[in-house]
Structures are given as structure tokens and as C-alpha cells.
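What follows is a single structure, written as C-alpha cells, with notes after it.
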Amino acid sequence: MSIVLENVKDLDLSQTLSCGQCFRWKEHPDGSFSGVVRGRYARVSPDGDRLILDGADEADRAMWFDYFDLGLDYAKVRQELSAIHPTLAEAACYAPGIRILDQEPFEALISFIISQNNNIKRITGIVDRLCERFGEPIGADAPHAFPTAQRLAALSPDDLAPIRAGFRQRYIIDAARKVADGTIDLEQIRALPYDEARSKLMQITGVGVKVADCVLLYGLHRLDGFPLDVWMKRAMAALFEGIEPSDFGQYAGIAQQYIFHYARMHPELF
DNA sequence: TGCCAGGCAGGGA
DNA sequence: TCCCTGCATGGC
């Protein structure tokens with residue numbers, strides 16, 4: 001079974017799936033990517049302005065459409081961003097195919113807890129081991145689903161030793177327990193004003209400003225905040241001197257991705 | 001072999 | 001409030 005998404009524009013799978021906003025996609029030699037989203041497996045291949053999702057069910061069409069944020073006109077967004085500042089226009093050229101994925105909130109929370117003081121390759125390995133050991137199997141040849149909060153909440157930090165997440169293990173368990181018992185309601189947080197949402201997430205041990213902003217952007221698809229971590233502040237100072245972050249409005253998240261790639265291309269600025 | 005990673009918690013000043 | 005240090009592990 002497979003589904004085809006038509007009229008897909010401004011999506012580069014490699015840029016979008018390998019830029020560090022998600023950690024569960026594997027690239028294949030033919031340019032396709034396989035991964036699991038919300039417990040559903042698919043192997044995704046670009047075909048002109050179509051996106052072919054092998055293994056995906058027709059009933060999940062809307063879920064995949066939303067996951068890749070295909071309802072937002074990114075060319076228009078880029079145009080508006082570029083009008084703000086010439087440097088941003090330049091930055092936009094570096095990653096025109098990035099879309100901000102609409103990820104499952106708990107997966108994003110745990111993934112970005114794991115990301116702290118870490119690198120993408122190792123984050124991916126830890127997430128893989130977490131899913132393999134504690135996620136539900138979804139098919140013979142497919143990776144496991146991301147584990148539920150309830151499943152992880154029943155564990156102790158020591159139980160996570162096999163995933164080799166180090167000091168982050170107790171953070172993962174604290175997050176899972178707070179989500180499982182309702183102390184942290186991620187869907188409720190989605191609707192809160194940005195600062196309140198961030199403060200709520202920071203009640204979890206191991207979640208600071210950076211992790212909270214990543215969860216809000218990538219897990220709750222909040223494009224109205226702006227990451228304030230040290231790296232980003234440096235990037236802003238270098239690239240957008242004189243521009244108030246609030247000017248970026250709802251497109252702040254997308255700007256972050258452009259800045260990220262711009263920074264990679266211009267390490268001398270940092 | 002040693003440095004460092006897309007932070008954060010905890011403790012002291 | 002600010003600054004400093006330790007943290008587990010593994011990629012490079």
C-alpha cells in the first residue's frame with residue numbers, strides 16, 4: 001500500500017529530515033527516506049512535485065500532509081522573510097527545501113532532552129535504541145514506534161542504561177512520569193501563551209529554555225516563539241543586528257532553520 | 001588521544 | 001542573580 005501527495009512544493013527531504021529537527025529517518029541510496037511517525041511507518045520518495053509514501057495507509061493521508069506542513073506556502077514565507085532584511089534573504093537561499101515538521105509532542109520532548117550536550121549522530125543512536133527496546137513493534141521490517149510516556153514512566157533511570165544516554169536518563173524518566181500522570185499536559189501546553197508554555201515545560205528536570213523552545217517548535221508546531229539559546233542569540237547578533245526578534249512573527253521557527261544552515265555555511269561569523 | 005557536543009542542574013559567591 | 005563545574009558517552 002502507498003499514498004501519493006500531489007503538488008508538493010518547497011520540500012527537500014534531505015534538508016528537512018537530516019537538519020536535526022527529527023531523529024528517526026534513515027536515508028537510502030536511492031534518495032528515499034524511511035521512518036516512523038506517530039506509530040506509522042513509511043518510505044518516502046520524491047517524484048517531481050509528488051511525494052510517494054510506500055507503506056503508508058490512505059487513512060493517514062491527512063496525518064502525513066500535516067507532518068510535512070504541506071498546508072503552508074513556504075515560498076511566500078521565504079519571500080516575506082527575505083523582505084525583512086537582506087541578510088535573511090541571503091540566508092534563505094541556503095536551505096530552500098526545509099519545512100518545519102509537525103512531530104508527535106512526546107517524541108519531540110524526549111528527543112530534545114536527549115539532544116542536550118550531544119551531537120546529531122549520537123542522538124539518533126540513542127533514540128534508535130530507546131525505540132527498539134521500549135517501543136511497540138509495528139511490522140516485521142519496520143522500526144519500532146516511539147515508546148509511550150506510560151511505558152517509560154514505569155521504568156527507572158537504571159532501566160535505560162542499555163540506551164546509553166548517560167546523565168539524561170533520569171531526565172527522560174522524569175519527563176515520562178510527568179506526562180503520564182498528567183502533571184504535564186502537552187496538548188494543553190500547545191494552547192498556552194508562549195512564555196507560559198515554555199515555563200510549564202521547564203518544570204521537567206532537564207528541560208531548560210533551549211529544550212523547551214525546540215519542543216514548542218518541533219513538537220507542538222508553535223511558530224510564534226523564538227529560540228533564545230546562546231547559539232541563537234549569537235546568530236541573531238551576527239545576522240540580524242538591529243532587527244527585533246518579534247518582527248519575525250509566526251515565521252520565527254522557519255527563520256531558525258535558515259539561520260542554522262547559514263551559520264553552518266559561515267562559521268567565521270560565530 | 002583528547003576535545004567537544006544543538007544544555008542543564010546544582011552549588012557557591 | 002550570576003558564574004562555575006560536573007555530567008555520561010561517543011563521534012571525530
Side-chain angles (χ1 to χ4, degrees), chain A residues 14-27 91 94-95 98-101 103 105 107-133 152 155-179 183-184 197-223 225-239 245 252-270:
Chain A
S14 183
Q15 287 179 8
T16 298
L17 301 176
S18 303
C19 70
Q21 63 172 313
C22 58
F23 304 98
R24 291 222 66 197
W25 290 92
K26 306 295 179 201
E27 185 170 13
Y94 282 97
I98 280 188
R99 284 178 171 270
I100 305 297
L101 300 170
Q103 301 180 57
E107 176 177 335
L109 171 62
I110 299 301
S111 297
F112 284 99
I113 285 174
I114 292 169
S115 80
Q116 69 174 266
N117 200 25
N118 216 335
N119 56 70
I120 291 176
K121 195 171 179 74
R122 184 163 172 252
I123 297 163
T124 303
I126 293 171
V127 171
D128 280 349
R129 290 189 289 275
L130 181 73
C131 295
E132 193 176 337
R133 293 214 170 230
L152 295 181
L155 304 174
S156 71
D158 287 345
D159 292 328
L160 293 183
I163 73 171
R164 304 198 295 280
F167 63 87
R168 307 167 191 85
Q169 285 161 198
R170 73 184 181 97
Y171 302 163
I172 294 169
I173 297 302
D174 184 68
R177 287 178 180 170
K178 286 191 166 89
V179 170
T183 304
I184 297 293
R198 180 198 276 153
S199 297
K200 188 73 180 172
L201 286 170
M202 288 172 64
Q203 291 178 7
I204 297 167
T205 307
V207 175
V209 171
K210 170 62 164 54
V211 172
D213 280 331
C214 285
V215 174
L216 285 163
L217 176 59
Y218 302 119
L220 295 168
H221 215 59
R222 290 285 295 261
L223 305 183
F226 200 86
L228 295 173
D229 63 283
V230 173
W231 183 90
M232 191 54 61
K233 278 192 265 190
R234 287 178 181 166
M236 288 297 295
L239 295 173
I254 296 156
Q256 185 213 11
Q257 288 298 319
Y258 287 131
I259 295 165
F260 182 79
H261 275 255
Y262 189 90
R264 277 185 169 166
M265 301 299 292
H266 296 277
E268 72 278 5
L269 290 174
F270 308 98

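The analysis underlying the following values was restricted to heavy atoms, covering all of them including side chains, and did not include hydrogens, waters or symmetry mates. Keep in mind that this is a model prediction, so the values were computed, not measured. Per chain, numbering begins at 1; letters A, B, ... match sequence-line order.
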Using Watson-Crick or G-U wobble geometry with both distances under 3.5 Å, which nucleotide pairs with B:dG6?
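Partner of B:dG6: none found under 3.5 Å.
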
Searching all strands shown, indicate the nucleotide that pairs with B:dT1 (Watson-Crick or G-U wobble; both distances under 3.5 Å).
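B:dT1 is paired with nothing.
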
Do other residues, nucleotides or ligands put more than 12 heavy atoms under 6.0 Å from the NZ atom of A:Lys121?
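For A:Lys121, atom NZ is not crowded (no more than 12 foreign heavy atoms under 6.0 Å).
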
Indicate, with yes or no, if the rings of A:Tyr171 and A:Phe112 have centres closer together than 6.0 Å.
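No, too far apart.
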
Can you tell me the distance, in whole Å, between the [atom1] atom of [X] and the [atom2] atom of [N]?
X: A:Gln169; N: B:dC8; atom1: CD; atom2: C1'; value: 16 Å
X: A:Asn119; N: B:dC4; atom1: CG; atom2: P; value: 14 Å
X: A:Ile126; N: C:dT9; atom1: CD1; atom2: C1'; value: 7 Å
X: A:Ile120; N: C:dG10; atom1: CD1; atom2: C1'; value: 15 Å
X: A:Asn118; N: B:dG7; atom1: CG; atom2: P; value: 8 Å
X: A:Tyr218; N: B:dG6; atom1: OH; atom2: C1'; value: 9 Å
X: A:Ile114; N: C:dT9; atom1: CD1; atom2: C1'; value: 13 Å

Where along nucleotides 2-7 of chain C does protein come under 4.0 Å, by heavy atom, of base (B) or sugar-phosphate alone (S), with - for untouched nucleotides?
-----B

With distance as the sole criterion, do the side chain of A:Arg164 and the base of C:dT9 form a donor-acceptor contact below 3.5 Å?
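Check fails, no donor-acceptor contact within cut-off.
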
N/O donor-acceptor pair, side chain A:Lys210 with base B:dG7, under 3.5 angstrom:
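Such a pair does not exist between side chain and base.
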
P atom, B:dG11 versus C:dA8: distance in rounded Å?
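Going atom to atom, P in each nucleotide, I get 14 Å.
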
Euclidean distance for C1', B:dC3 against C:dC7 (whole angstrom)
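The same atom, C1', in both gives a distance of 16 Å.
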
